[in-house]
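Below is one structure, written out as structure tokens; the observations come after it.
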Amino acid sequence: MSASGQQRIINTINPGERPFGSPLGPRPTRVLLLGAGELGREIAISLMRLGAWVGAADSYPGAPATQVAHAGYQVKMSDPQALEDLIDKVHPDLIVPEVEAIATDRLVGAAARGIQVVPAAPLAAMCMDRRALRVFAHEQVGLPTTPYRFADSYEELASAADQVGYPCMVKPLMSSSGHGQTLVRSREGLSQAWNSALTQGRAATRHQGKAEVIVEALAPLAHELTVLTVASCAGVATCTPIGQRQEDGDYRLSWQPADLNPDILQQARSMATRLIEAMTSLARQSGETGWGIYGVEIFVLRDGSLLFNEVAPRPHDTGMVTMISQRLSEFDLHARAILGIPVHQEDLALSLPEGACAVSRPILVRGQGPVSFQGLPQALDHPGTDLRIFSKPEVHGLRRMGVALALGPDLQTATKRAEAVVHDLKPRVGTGM
């Protein structure tokens, strides 16, 4: 039987009847990861533990997930034809996007052919577009957000900033990890913000090809939360909210549980549930499942009120703390949900002693060239610690190359232990390492 014939048979069966445990056999369940970074690597491992065949694709050679997957591919996934050729080559049962620079129209086509797109083709596209996501979350679901405007020219940007007020944030419609985002304190900063959004973000095109940005009022922020929310065939469930600290649009520390008023934490979980229930309902309208884990970002303001910020339809970088805080990490939960395995609320429980705290702290390396680490025995000689080295092939500038994980009786102790891991792990950068 041809590969395409095999594909048609597998795609028409119920997820509960998919074959697992023989990934190199004649009819495995095949999963294609689009994005093979550190999050993709952990997803791949979780899927492979359940017996799935995993292929991983990224734009550069030696990406972390390609080092552990059954097959690796180097593809520019924003190129529609290149992505379509990859899908035709792999014949996946599931496509799992792990990055945002993807030709989403090809995901729609894949879903129409019976391939399960995670969480669903329209949701993947919506979450990559701040306009579509903000309109859906605020105007359709009714979640509170910061005041916002859209602009497709510098003149509209100036008007939008005047309407939301200064200081404000200017962001590309498509970007991640803070790329292209600028805090603007006065009109004098708008020109630089406009140029940054157009050059550093994947600016979406609207209105006859004009690039567009979103302008958001700066909220009086007290805390930032991530609520990992799982949609599976058993319904929607939420993890204990995660606290986080951001710098330059990227996370520098996350911890679980977040130490806030229980009423605030419950409101955050309720907001996340409302959003994901609405998103999975949208997925079902297109004949898809919406299954998977979502990282719902929520602002807690100084007055205790909550605002929706963004959502990632995949494991979240701040959620790496679950690799030490929960029995099932966010990657395990994602793998189970997308494969059709029921995920219940009790599956999301913490595995911490009463009152304890878990922390994740990214390991950042600056330089040019390949990276190796020394001092591993010393780094992990601290109590309650662990780490993941991502094995990225090179660093150019500042790059996240690993994550330190730590447990402690309180947040302060856990943070100190994670910092000690980072301190004792010595990176060496360059060809002479």
Side-chain angles (χ1 to χ4, degrees), residues 33-46 56-69 72 74 98-101 175-179 200 226 242 244-255 295 312 314-325 329-331 358-382 384-407 414-433:
L33 297 180
L34 298 181
E38 60 265 33
L39 302 185
R41 183 175 74 164
E42 297 299 331
I43 296 170
I45 292 170
S46 293
D58 214 311
S59 59
Y60 63 96
T66 65
Q67 299 175 29
V68 301
Q74 185 178 350
E98 194 259 316
V99 295
E100 296 180 342
S175 71
S176 60
S177 300
H179 294 300
Q200 298 180 36
T226 302
I242 295 169
Q244 57 167 294
R245 177 167 58 83
Q246 298 267 338
E247 291 179 15
D248 300 323
D250 208 356
Y251 104 102
R252 294 293 182 263
L253 191 76
S254 70
W255 59 93
R314 63 185 69 88
H316 200 271
D317 51 6
T318 63
M320 286 191 282
V321 69
T322 61
M323 291 189 286
I324 196 169
S325 63
S329 73
E330 63 172 341
F331 309 104
V359 158
S360 82
R361 198 277 202 190
I363 299 168
L364 303 175
V365 177
R366 185 182 297 277
Q368 297 288 332
V371 178
S372 66
F373 291 93
Q374 293 181 332
L376 193 61
Q378 297 88 342
L380 290 178
D381 194 30
H382 302 282
T385 60
D386 200 354
L387 65 81
R388 301 290 188 274
I389 295 174
F390 299 151
S391 302
K392 296 177 180 178
E394 291 184 328
V395 60
H396 297 283
L398 184 67
R399 195 175 192 188
R400 189 165 64 202
M401 302 300 284
V403 64
L405 306 167
L407 301 176
T415 301
K416 287 183 177 179
R417 289 175 176 175
E419 293 288 354
V421 173
V422 176
H423 177 269
D424 289 341
L425 193 65
K426 306 299 184 183
R428 302 186 66 183
V429 184
T431 56
M433 65 180 189

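Numbers for residues simply follow the sequence, beginning at 1.
When all heavy atoms are compared, the tightest approach of Trp255 to Val359 is CB-CG2, 3.9 Å. Closest heavy-atom contact between Ala379 and Val421: O-CG2, 3.3 Å. The two residues Val99 and Gly35 have their closest heavy-atom pair at CG1-CA, 3.8 Å. Annotation for Ala36 and Thr66: closest pair CB-CG2, 3.8 Å, computed over non-hydrogen atoms. Pro61 and Pro393 get closest at one heavy-atom pair: O-CG, 3.5 Å. In terms of heavy-atom proximity, Leu33 sits nearest to Gly40 at CD1-O, 3.3 Å.
Considering only residues two or more places apart in sequence or on other chains, Asp381 meets the salt bridge (Lys or Arg N to Asp or Glu O under 4.0 Å) condition with none of them. The side-chain contact (heavy atoms from CB on, under 4.5 Å) test applied to Ser46 returns Phe331, Asp332, Ala335, not counting sequence neighbours. In this structure Gln246 satisfies the side-chain hydrogen bond (donor to acceptor under 3.5 Å, both in side chains) test together with Gln244, sequence neighbours excluded. In this structure, the side-chain contact (heavy atoms from CB on, under 4.5 Å) partners of Ala420, at least two apart in sequence or on a different chain, are His382. For Arg41, the side-chain hydrogen bond (donor to acceptor under 3.5 Å, both in side chains) test picks out no residue, with sequence neighbours left out. For Leu364, the side-chain contact (heavy atoms from CB on, under 4.5 Å) criterion is met by Arg252, Pro362, Leu398, Arg400, not counting sequence neighbours. For the side-chain hydrogen bond (donor to acceptor under 3.5 Å, both in side chains) test, residues two or more places apart in sequence or in another chain that qualify with Glu419 are Arg361. Here Gln67 pairs with nothing under the side-chain hydrogen bond (donor to acceptor under 3.5 Å, both in side chains) rule; sequence neighbours left out. Annotation: side-chain contact (heavy atoms from CB on, under 4.5 Å) contacts of Ala69 (sequence neighbours excluded): Val54, Ala56.
Atom CG of Asp386 and atom CG of Leu407 lie 9.0 Å apart (nearest 0.5 Å). Ser59 OG to Leu34 CG: the interatomic distance, rounded to the nearest 0.5 Å, is 11.5 Å. Rounded to the nearest 0.5 angstrom, Leu405 CG and Met323 CE are separated by 5.0 Å. With rounding to the nearest 0.5 angstrom, the CE atom of Met401 is 11.0 Å from the CG atom of Leu425.
Look at Glu38 and Lys392 and you find a salt bridge, because one of the NZ, NE, NH1 or NH2 atoms lies within 4.0 Å of a carboxylate O, short of that distance.
A 6.0 Å sphere centred on NZ of Lys426 holds more than 12 heavy atoms belonging to other residues, nucleotides or ligands.
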Audit row: Asp250, Asp317, side-chain contact (heavy atoms from CB on, under 4.5 Å) steps and yes/no: CA-CA 9 Å; Asp250 208 356; Asp317 51 6; 3.6 Å; yes

Criterion side-chain contact (heavy atoms from CB on, under 4.5 Å) on Phe373 and Val365, from CA distance to verdict: CA-CA 10 Å; Phe373 291 93; Val365 177; 4.0 Å; yes

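Residue pairs meeting the salt bridge (charged side-chain N to carboxylate O under 4.0 Å, His left out) criterion with at least one partner in residues 369-380, sequence neighbours excluded, do not occur; the list is empty. The list of salt bridge (charged side-chain N to carboxylate O under 4.0 Å, His left out) pairs with a residue in residues 362-377, not counting sequence neighbours, is empty.
Residue Leu387 forms a side chain to side chain contact (heavy atoms under 4.5 Å, CB included) with just one option from Ile324, Leu376, Val422, and that option is Leu376.
At least one side-chain heavy atom of Glu330 sits less than 4.5 Å from a side-chain heavy atom of Met320. A heavy-atom distance below 4.5 Å is found between the side chains of Ser254 and Ser360.
At least one donor-acceptor pair under 3.5 Å links the side chain of Glu98 to the backbone N or O of Gly37.
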